[in-house]
Amino acid sequence: MPHSAHDVPLGIKVIQKFGSCFCPNFRGSRPFIYRTSILLLTFFTYTAYHMSRKPISVVKNVLSQNCSGLIPPPGTHIDDDNKDSWCDWAPFDGKNSQTLLGTLDSAFLFAYAAGMFLSGFIAERVNLRYFLALGMLTSGFFTYLFGVSYSQGIHSLPYFFIVQTIAGFAQSTGWPGVVTAVGNWFGKGKRGLIFGIWNSHTSVGNILGSLIAGHFVESNWGMSFIIPGAIIGFMGFIIFLFLVTDPRSVGCHPPDHHGNRQEAIRSGYSSIEDDSGSPGRNRNMRLYANGSTSSSASSSITIDPERESLLTPTDNSVDSTEVGTPDKVPSEITISSTDILAKAPVSLNNPDFHRREKAIGFIQALRIPGVIEFSLCLFFAKLINYTFLFWLPRYINASTSFDASESADLSTLFDVGGIVGGIIAGVLSDVTGMSAVTCAVMLVVAIPMLFIYQTFGTISLTSNILLLMSVGLLVNGPYALITTAVSTELGTHQSLRGSARALATVTAIIDGTGSIGAAVGPLIAGTVSAYGWDNVFYMLMVADVIALILLARLVKHEIERFRERRREMRFKRERMA
């Protein structure tokens, strides 16, 4: 897909015009400003996505509850048939209400999973800004339609299923879009830490969604949906105005992908040197061609790992640019990068560059080492996470004396622990370089913690808070790591040769597979909970064990690589001594 000046959002054009008129001597770093805006916009974007999918877990407590202890309003007819359900919202007022609510969750989540696979392929082929904006507006509209059923007195089961199904499909536009947008701007250094912090948007969205829904759940539960729906719709409009999805459209360099650099070396271009020092400095970029200077140049130049890329579109990669053959290119080409930053890259107007960048296929993505294992692991990790997401307020309400609003507030502590867990998992992955081992350790500890929370969590408020945060930390850590840093690592695998469009497909496969688990978990929980909540926790523990088994081969491989690196370091020290 071509990237030209026409891709610059209207809001950015206005800001650029304003800046040229009122701040003509501004010397700030444009790439830094754009990267910061991308992080903030995508953070709030996915916060809004999760905020709008959270209310149903809170509203369940009033759609179906035990009405025997409540005082009916005047004129309400009470008999033996409806004495326990007179306050419920039809059609969720029968004995099968738990199953219906679980099926309602699955209608949303199965549509989300199916849409995730499709969205990954669509996101590769369209403008991400339009894609995200349309998805957010659609999601907000159908979230509003669910909420308006309260004021309009809608009790049709097909209506709720249709609304939730379309809302789930619209929600699937979010993850491939935001991950690809971030991947287009950021380098490889400290990827786990950056994504660990950035991925807290899921927990922040869950917290805000719970608090908003909890505030209205007992007075007007329709507003629990309408307000989050309005917020995500507004954010969709902001994304349309301000999201810059590709650095080239604003004259910035995309980060250099390590695979492209290695390909350049194999092709005879030893390195690319880019001094990104203070703004305004005349920086030089050198391409060393085959010749006597090539080997010496390559050995003397080191590339800061902080500048290694998550993703580099082949439009700007060395191997996709027709710089000529070695006999036609001088030994050193010097280009002023100040001139480059002053205008969009030349390749933007050359259709040959855009034809070189092709989206990868589903089978090709599955052949990337680790994609299948992490996808299946995420199936069970997300099963656990989304069972808590959709049923935790219901469990707290059923197992304690807290009402619907208080249960919603208390359930946010699971996501507070999830924020910490995502950051810890990211840091450990950065420090050790072993993502699978990091996930496995957290999954191992999560098994006994699930049992402890189920057994002792209801003893007191203090124990509930501490154990709930601990479970959130351990359950969300692997989930956050796989959906962000691991997906990006696999989506920029060297076998893809730096394809700018690969990340959306890999992300869609991994998170789409996980989303099927997310749909299965709440569906099983809705049925199993009717026979006791203990069975739900046993189901979660079994899922945790299966996720561990699926990671076993990758864990073994990472440990072997770690031992090999240790032997190499010891050998080097012995030779130096």
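Note that the coordinates shown come from a computational prediction; the quantities given were computed from them, not determined experimentally.
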- request: Might you work through the side-chain contact (heavy atoms from CB on, under 4.5 Å) test for T527 and Q98, ending with a clear yes or no?
  value: CA-CA 7 Å; T527 303; Q98 292 282 84; over 6 Å; no
task: Show your reasoning for whether side-chain contact (heavy atoms from CB on, under 4.5 Å) applies to V437 and T432.
output: CA-CA 9 Å; V437 172; T432 64; over 6 Å; no
query: When you look at F390 and K60, which way does the side-chain contact (heavy atoms from CB on, under 4.5 Å) test go after all the steps?
result: CA-CA 9 Å; F390 280 86; K60 284 176 183 176; 3.8 Å; yes
- line: When rounded to the nearest 0.5 Å, the distance separating CG of N61 from CG of D403 is 9.0 Å
Audit row: T103, T99, side-chain contact (heavy atoms from CB on, under 4.5 Å) steps and yes/no: CA-CA 6 Å; T103 308; T99 302; 4.1 Å; yes
message: Any non-hydrogen side-chain atom of L551 less than 4.5 Å from a side-chain atom of P478?
response: no
- request: Give, for atom CG of L461 and atom CG of L410, the distance between the pair rounded to the nearest 0.5 Å.
  value: 6.5 Å
field: Cation-aromatic face contact R53/F108, 6.0 Å, 45 degrees
entry: no
- prompt: Do F240 and Y130 have side-chain heavy atoms sitting under 4.5 Å apart?
  reply: yes
- request: Starting at CZ of F374, measure out to CD1 of I372 and round the result to the nearest 0.5 Å.
  value: 13.0 Å
- line: Correct closest heavy-atom pair for G153 and H155 would be O-CD2, 3.1 Å
- prompt: Considering only the SG atoms, does C67 lie under 2.5 Å from C87?
  reply: yes
query: Do M116 and Y112 come close enough that some side-chain heavy atom pair is under 4.5 Å?
result: yes
message: For a 4.5 angstrom cut-off between non-hydrogen side-chain atoms, does S463 reach F456?
response: no
field: Under 3.5 Å: donor-acceptor pair, side chain of E558, backbone of A436
entry: yes
field: For L137, all residues meeting side chain to side chain contact (heavy atoms under 4.5 Å, CB included), sequence neighbours excluded
entry: none
- prompt: Between CD1 of I227 and OG of S52, what distance do you get to the nearest 0.5 Å?
  reply: 13.0 Å
task: Taking all heavy atoms of P522 and all of T387, pick out the closest pair and write down the distance.
output: N-OG1, 3.8 Å
message: Tell me if a side-chain donor or acceptor on T42 pairs with a main-chain N or O of V178 at a distance below 3.5 Å.
response: no
- prompt: Got a sec, which residues hit side chain to side chain contact (heavy atoms under 4.5 Å, CB included) with A518, two or more places apart in sequence or on another chain?
  reply: L109, K382, Y386
Result block: side-chain N/O donor-acceptor pairs under 3.5 angstrom for residues 533-548, not counting sequence neighbours:
unit_1	atom_1	unit_2	atom_2	d
D534	OD1	Q454	NE2	2.2
N535	ND2	Y531	O	3.1

- prompt: Which atoms form the tightest heavy-atom contact between V59 and S224, and what is the distance?
  reply: CG2-CB, 3.9 Å
task: Would you mind reporting whether Y453 and N464 have side-chain heavy atoms less than 4.5 Å apart?
output: yes
query: Any sub-3.5 Å donor-acceptor pair from S429's side-chain atoms to G426's backbone N or O?
result: no
field: Check: S172/S119 side-chain N/O donor and acceptor closer than 3.5 Å
entry: yes
task: Measure across L550 and C377 and return the closest heavy-atom pair with its distance rounded to 0.1 Å.
output: CD1-N, 3.9 Å
query: If you look only at pairs with a residue in residues 402-424, which of them pass as a ring pair (Phe, Tyr, Trp, His ring centres under 6.0 Å), with sequence neighbours excluded?
result: F388-F414
- prompt: For the ring pair Y49 and Y46, is the centre-to-centre distance below 6.0 Å?
  reply: yes
query: In Å and rounded to the nearest 0.5 Å, what is the CG to OG1 distance from N397 to T400?
result: 6.5 Å
- request: Under the side chain to side chain contact (heavy atoms under 4.5 Å, CB included) rule, collect the residues that match up with F141, sequence neighbours excluded.
  value: L145
query: Is the ring centre of W198 less than 6.0 Å from the ring centre of F43?
result: no
field: Main-chain N/O of I154 paired with W89 side-chain donor or acceptor, under 3.5 Å
entry: yes
query: Quick one: CD1 on I524 to OG on S529, what's the gap to the nearest 0.5 Å?
result: 11.5 Å
- prompt: Taking the side chain from S411 and the backbone from A408, do they hold a donor-acceptor pair closer than 3.5 Å?
  reply: yes
Distance-only criterion, 3.5 Å: show the donor-acceptor pairs between side-chain atoms of residues 208-221 and protein atoms not counting sequence neighbours.
unit_1	atom_1	unit_2	atom_2	d
S210	OG	N206	O	2.9
S219	OG	F216	O	3.4
N220	OD1	G222	N	3.3

- prompt: Mind checking whether Y159 and V163 have side chains closer than 4.5 Å, heavy atoms only?
  reply: yes
message: So does F451 get a backbone contact from the side chain of T455, meaning a donor-acceptor N/O pair under 3.5 Å?
response: yes
query: Are the side chains of L481 and S435 in touch, meaning some heavy atoms are under 4.5 Å apart?
result: yes
- prompt: Does a sphere of radius 6.0 Å around CZ in F161 hold more than 12 heavy atoms from other residues, nucleotides or ligands, not counting ones at 6.0 Å or beyond?
  reply: yes
- prompt: Stepwise, does the ring-ring contact (aromatic ring centres under 6.0 Å, His included) test hold for F146 with F160?
  reply: CA-CA 7 Å; F146 197 107; F160 290 113; 5.1 Å; yes
- prompt: Does the T138 side chain pair with the main chain of G135, one donor and one acceptor, at a distance under 3.5 Å?
  reply: no
- prompt: If you look at every heavy atom in I452 and L467, which pair is closest and at what distance?
  reply: CG2-CD2, 3.7 Å
field: Check: R129 and F242 side chains under 4.5 Å, non-hydrogen atoms
entry: no
query: Which heavy-atom pair separates M442 from G421 by the least distance, and what is that distance?
result: CE-O, 4.0 Å
